[in-house]
Amino acid sequence: QVQLVESGGGLVQAGGSLRLSCAASGRPSRNYGMGWFRQAPGKEREFVADISWSGVSTTYADSVKGRFTISRENAKNTVYLQMNSLNPADTAVYYCVARLNNNVPYEYVYWGQGTQVTVSS
């Protein structure tokens, strides 16, 4: 069992930056891949980014590529999402997720409660 707790969300102006954190507990973080999803009001939940257990392999949605960076510190059981050049379209609840293997398509079996990110124009 893995518990995921997000933090770092908030209100930011367009063009600004935020860094989300996700603390994992219950299982050594080096054993699973992690990522982020988001859900905007009235829209379906969408994939944002993924990082392998080693941190070597990362994947991004086209909409955030070049602006967001995912990273992790296994010693702290924490994954981060650095978000730069934010725009109102990035407004959403951001969810931290974890998967237990590298099978494609990725299956995320653990989800956090989410943290709100609001970008004002």
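The first residue in the sequence is number 1, and the count goes up from there.
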request  = Measure from the side-chain N and O atoms of Glu6 to the backbone N and O of Gly114, and report whether any donor-acceptor pair falls under 3.5 Å.
outcome  = yes
task = For atom CD of Gln113, decide whether the heavy atoms of other residues, nucleotides or ligands shown that lie under 6.0 angstrom number more than 12.
result = no
key: Any side-chain heavy-atom pair of Val79 and Leu81 under 4.5 Å   = no
query = Are the side chains of Tyr80 and Glu73 in touch, meaning some heavy atoms are under 4.5 Å apart?
reply = yes
Shared hydrophobic cluster, Val48 / Val109 (ILVMFWY, side-chain heavy atoms < 4.5 Å) = yes
query = For the residue pair Pro88 and Ser120, what are the closest heavy atoms and their distance?
reply = CG-C, 4.5 Å
Please report, to 0.1 Å, the donor-acceptor pairs under 3.5 Å made by any side chain of residues 10-20, with sequence neighbours excluded.
residue	atom	partner	partner atom	Å
Ser17	OG	Asn84	OD1	2.9

key: Six-ring centre of Trp111, Arg45 cation under 6.0 angstrom, axis tolerance 45°   = yes
ask   = Nearest heavy-atom pair of Phe47 and Tyr60: which atoms, and what distance?
value = CE2-C, 4.0 Å
query = Taking atom OG1 of Thr118 and atom CG of Leu86, what is their separation to the nearest 0.5 Å?
reply = 11.0 Å
message = So, taking the atom named CG in Leu100 and the one named OH in Tyr32, what distance separates them when rounded to the nearest 0.5 Å?
response = 9.0 Å
key: Heavy-atom closest pair, residues Arg38 and Ser63   = NH2-OG, 3.5 Å
inquiry  = Test of understanding: with side chain to side chain donor-acceptor pair (under 3.5 Å), list the residues that count as partners of Thr69, not counting sequence neighbours.
reply    = none
query = Taking side chain as C-beta onward, heavy atoms only, is Met83 less than 4.5 Å from Tyr94?
reply = yes
inquiry  = Apply side chain to side chain contact (heavy atoms under 4.5 Å, CB included) to residues Asp90 and Phe68 and explain how you reach the verdict.
reply    = CA-CA 11 Å; Asp90 296 314; Phe68 291 11; 3.9 Å; yes
note = What one should report as the nearest heavy-atom pair of Ser21 and Thr78 is CB-CG2, 4.4 Å
request  = For Asn74 and Arg72, test the side chains for any donor-to-acceptor distance below 3.5 angstrom and give the result as yes or no.
outcome  = yes
message = Does any part of the side chain of Phe37, heavy atoms only, come nearer than 4.5 Å to the side chain of Cys96, both counted from C-beta?
response = no
message = Just verifying a value: how many Å separate Asn102 CG and Glu107 CD, rounded to the nearest 0.5 Å?
response = 12.5 Å
query = Looking just at side-chain N and O atoms, do Asp50 and Tyr108 make a donor-acceptor pair shorter than 3.5 Å?
reply = yes
ask   = Is there side-chain contact between Ile70 and Met34, with heavy atoms separated by less than 4.5 Å?
value = no
message = If hydrophobic clusters are built by linking Ile, Leu, Val, Met, Phe, Trp and Tyr wherever their side-chain heavy atoms come under 4.5 Å apart, do Val64 and Val119 end up in the same one?
response = yes
task = For residues Thr91 and Pro41, report the shortest heavy-atom separation together with the two atoms involved.
result = O-CD, 4.4 Å
Distance-only donor-acceptor check, side chains Tyr110 and Gln3, under 3.5 Å = no
message = Applying a strict under-4.5 Å side-chain criterion to I, L, V, M, F, W and Y, I'd like to know whether Ile51 and Val2 cluster together.
response = yes
ask   = Looking at residues at least two apart in the chain, or sitting in another chain, which of them share a salt bridge (Lys or Arg N to Asp or Glu O under 4.0 Å) with Lys43?
value = none
